[in-house]
Structures are given as structure tokens and as C-alpha cells.
Amino acid sequence: MLRLVCVFSTAVLFVGKSFAQEHPQAATKPAVDQLIPWLLDEGAQLRGIPFSEVIVDVTGKKVIPFDAKNEVDQRVRKAIAAACDETIKRLNAPDSPIQKVARINEVSSHFEDALRELLNSTPGLSCDFPKTSDGKIQRSGYPDLRIIDLASKRLFYLDPKLYAVGSRDSSFRTFYFEPKIATNKVRDDAVHFVVGFEHSPRESGSGSPNRIWKFTRWDLVDLANFKVKLKAELQGSNRDMYRPEAIVASSAKQE
């Protein structure tokens, strides 16, 4: 979920310009006073934000559309497709390590690891986990993998997603991007892909033949025309809340 603390400057960038144009008299107001009315107007400008514009404004990097006529893009697509097929084959196996994992959220890293290994071993490609501006590898957050076509130096980002059969058209949040300078991993002009892996329901009974994770299909999605919405949240920690000067009553100490 996008946190207001993290997206404040980005949201101001998106909505502040338009708000000032529509309400010139508000141009001199503090940024927060310009932002809050937009946060309350969820049905308008906070929906349908081009993801490519978010990336440009946050990172200064371009989202390059996949070009089906480009030989490099064709080659990389073919390699990703082969890696996805092999990943499903490996992880569907009864002795796969994911079969001992109870929660689907904990399966994602196995897909990232398998795709990284397979793509990095593909001739002409290099694949690794993207690094932050500090040169550190960070597994959490978008994107998960960074692919380089060695001959052309063309860059591709790949983010695996897992979803259950029947939830493909769900409106629940399945993608998020947290605009944060310190942990930003988008550091190149690149093609941005999401690859979604569909899995069958997993039964819990020990004797059930469906007690294994079984992935049935995948789709590779170009994010060049992907649109996102901003869901802001005002938040605070326990440290913020339980300040000594703010406490007005407490229970007696229990023996």
C-alpha cells in the first residue's frame, strides 16, 4: 500500500500542478493544503495515473514500450517465455521446495530465484536482482529482476506475480510501487514487464491430491501503458503515538 509519508512529494508533483492551474488562488498554500483535497477526490485525478509518468517523475528514467518488431525485444521475450515454462515445470514438481511452503506469499521468492538463474544462464543475457542507488541488493519492492541483453545493452525489468485461478479479474491490489529515493531500484531506461503465474487452489488435507502447489499458466505483460491509482494513508508508529507528554492517564502498575 502506498504510504503518504513515502509518496507525498510524488503526489504533490502529480496533483499540485493541475490543482494550481485549476485554482490559481491556491498556488500560495502549503503543499499539504493543496494535496488533501485531491486525496479526498478519489474518483477523479487519483485514478488512471500512467505508470510510465510515475517512473519518469520519481526516477528520471523512461519506461520503454515493448517493440514486437525489434529483434532484441523478440529475443528477450523468447528467453523469458522459455524461463517461465521451465520455472513452472521445476516448481510444480512434487519434490520442489515450494511444496513445503504453506503460504503463497512465501512462494514468490522461489519464482524470482528460478527465473534469475534460468535467464542469467541464457546465452547473451545477464539477469540479477536490481540494486539501489547505494549499490545494495534489496529483494523487496518493485522491480524484482533486471535483465540485460549483452549485445545491445538494452535493459528489461521483470516482476513476477502469483495469483489464484479465478482472481485474474479481481480489483484487489496486486501491484504496488513505493516512490522512495533511498530504496529506488529503477535506475535505467528500460522495458518494464510483469509476469503473472496462475495457480490452482491448494487444499489443506494431508491426504488430498490437491495439497500441492500447481501452477497452470503465465502471461507476460508490458507495463508501458499500465495505469495505477494512488491510495494514500496517513500513518504513525507506536513511538509517535505513545509519547510521554501525550499520555493523560495510565493504569496502576500490576503486581
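Remark: aromatic rings of Tyr157 and Tyr142 are distant, center separation not under 6.0 Å.
When the shell of 6.0 Å around CG of Leu220 is examined, it contains more than 12 heavy atoms from other residues, nucleotides or ligands. Counting non-hydrogen atoms of other residues, nucleotides and ligands closer than 6.0 Å to NZ of Lys214 gives a total of 12 or fewer. Remark: Gln74 CD is packed, more than 12 non-hydrogen atoms of other residues, nucleotides or ligands lying under 6.0 Å away.
Listed by chain and residue number, Ser237 satisfy the side-chain contact (heavy atoms from CB on, under 4.5 Å) test with Asp240 (two or more places apart in sequence, or in another chain).
Within the 4.5 Å cutoff, side-chain heavy atoms of Arg77 are placed close to those of Phe66. Proximity of Leu115 to Pro160: side-chain heavy atoms (C-beta onward) are separated by under 4.5 Å at one or more points. With a 4.5 Å cut-off on side-chain heavy atoms, Phe215 and Glu198 do not count as touching. Contact of the Trp213 side chain with the Ile104 side chain is registered, since non-hydrogen atoms from C-beta on lie closer than 4.5 Å. At least one side-chain heavy atom of Leu118 sits under 4.5 Å from a side-chain heavy atom of Arg90. Inter-residue side-chain proximity for Thr216 and Phe197 is flagged as unmet; no heavy-atom pair is nearer than 4.5 Å. Within the 4.5 Å cutoff, no side-chain heavy atoms of Glu106 are placed close to those of Ser108. Looking at heavy atoms from C-beta onward, Lys62 lies out of side-chain contact with Ile55 at the 4.5 angstrom threshold.
Each of Thr59, Val58, Val63 was evaluated against Val186; a single residue qualifies, Thr59, per the side-chain contact (heavy atoms from CB on, under 4.5 Å) test.
In the hydrophobic clustering of ILVMFWY residues, with side-chain heavy atoms under 4.5 Å counting as a link, Val54 and Val56 come out apart. Val191 and Phe129 fall within the same hydrophobic cluster, defined by Ile, Leu, Val, Met, Phe, Trp and Tyr side-chain heavy atoms under 4.5 Å apart, directly or through other members.
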Verdict with reasoning, Arg139 to Asp113, per side chain to side chain contact (heavy atoms under 4.5 Å, CB included): CA-CA 10 Å; Arg139 294 293 298 267; Asp113 291 339; 3.0 Å; yes
Under the side chain to side chain contact (heavy atoms under 4.5 Å, CB included) rule, what do Gln138 and Lys185 come out as? Steps first, then yes or no, please. CA-CA 8 Å; Gln138 178 179 288; Lys185 298 193 292 183; 4.3 Å; yes
Residue pair Leu223, Val221: steps toward the side chain to side chain contact (heavy atoms under 4.5 Å, CB included) verdict: CA-CA 6 Å; Leu223 297 184; Val221 181; 4.3 Å; yes
Could you walk me through whether Asp159 and Val195 satisfy the side chain to side chain contact (heavy atoms under 4.5 Å, CB included) test, starting with their C-alpha distance in whole Å, then the side-chain angles of each, then the deciding distance to 0.1 Å, before giving a yes or no? CA-CA 6 Å; Asp159 201 67; Val195 57; over 6 Å; no
Distance-only criterion, 3.5 Å: show the donor-acceptor pairs between side-chain atoms of residues 145-156 and protein atoms not counting sequence neighbours.
{"unit_1": "Arg146", "atom_1": "NE", "unit_2": "Asp188", "atom_2": "OD2", "d": "2.9"}
{"unit_1": "Arg146", "atom_1": "NH2", "unit_2": "Asp188", "atom_2": "OD1", "d": "3.2"}
{"unit_1": "Arg146", "atom_1": "NH2", "unit_2": "Asp188", "atom_2": "OD2", "d": "3.4"}
{"unit_1": "Asp149", "atom_1": "OD1", "unit_2": "Arg75", "atom_2": "NE", "d": "3.2"}
{"unit_1": "Asp149", "atom_1": "OD1", "unit_2": "Arg75", "atom_2": "NH2", "d": "2.9"}
{"unit_1": "Asp149", "atom_1": "OD2", "unit_2": "Arg75", "atom_2": "NH2", "d": "3.0"}
{"unit_1": "Asp149", "atom_1": "OD2", "unit_2": "Ser152", "atom_2": "N", "d": "3.0"}
{"unit_1": "Asp149", "atom_1": "OD2", "unit_2": "Ser152", "atom_2": "OG", "d": "2.7"}
{"unit_1": "Ser152", "atom_1": "OG", "unit_2": "Arg154", "atom_2": "N", "d": "3.2"}
{"unit_1": "Lys153", "atom_1": "NZ", "unit_2": "Leu150", "atom_2": "O", "d": "3.4"}
{"unit_1": "Arg154", "atom_1": "NE", "unit_2": "Asp73", "atom_2": "OD1", "d": "2.5"}
{"unit_1": "Arg154", "atom_1": "NH2", "unit_2": "Asp73", "atom_2": "OD1", "d": "3.4"}
{"unit_1": "Arg154", "atom_1": "NH2", "unit_2": "Asp73", "atom_2": "OD2", "d": "3.1"}

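Closest of all the heavy-atom pairs between Pro65 and Ala224 is CA-CB, 3.6 Å. Smallest separation of non-hydrogen atoms from Ser167 and Ala164: OG-O, 2.6 Å. Heavy-atom minimum distance, Ile64 versus Asp189: CD1-C, 3.9 Å. Closest non-hydrogen pair, Pro130 versus Pro143, comes out as CG-O, 3.3 Å.
Note: Phe226 CZ to Phe175 CZ = 5.0 Å, rounded to the nearest 0.5 Å. Taking OG1 from Thr132 and CG from Asn184, the interatomic distance works out to 8.5 Å, rounded to the nearest 0.5 Å. Interatomic distance, CD1 of Ile212 versus NZ of Lys100, reported as 14.5 Å (0.5 Å rounding). Of the inter-residue distances, the one linking Asn120 atom CG with Cys127 atom SG reads 6.0 Å to the nearest 0.5 angstrom. Rounding to the nearest 0.5 Å gives a distance of 5.5 Å between CD1 of Ile137 and NZ of Lys131. Here Glu117 contributes atom CD and Thr87 contributes atom OG1; the two are 8.5 Å apart, rounded to the nearest 0.5 Å.
For the pair Asp67 (side chain) and Lys69 (backbone), a donor-acceptor distance under 3.5 Å is present. Of the possible donor and acceptor atoms, one in the side chain of Gln99 sits under 3.5 Å from a partner among the backbone N and O of Leu91.
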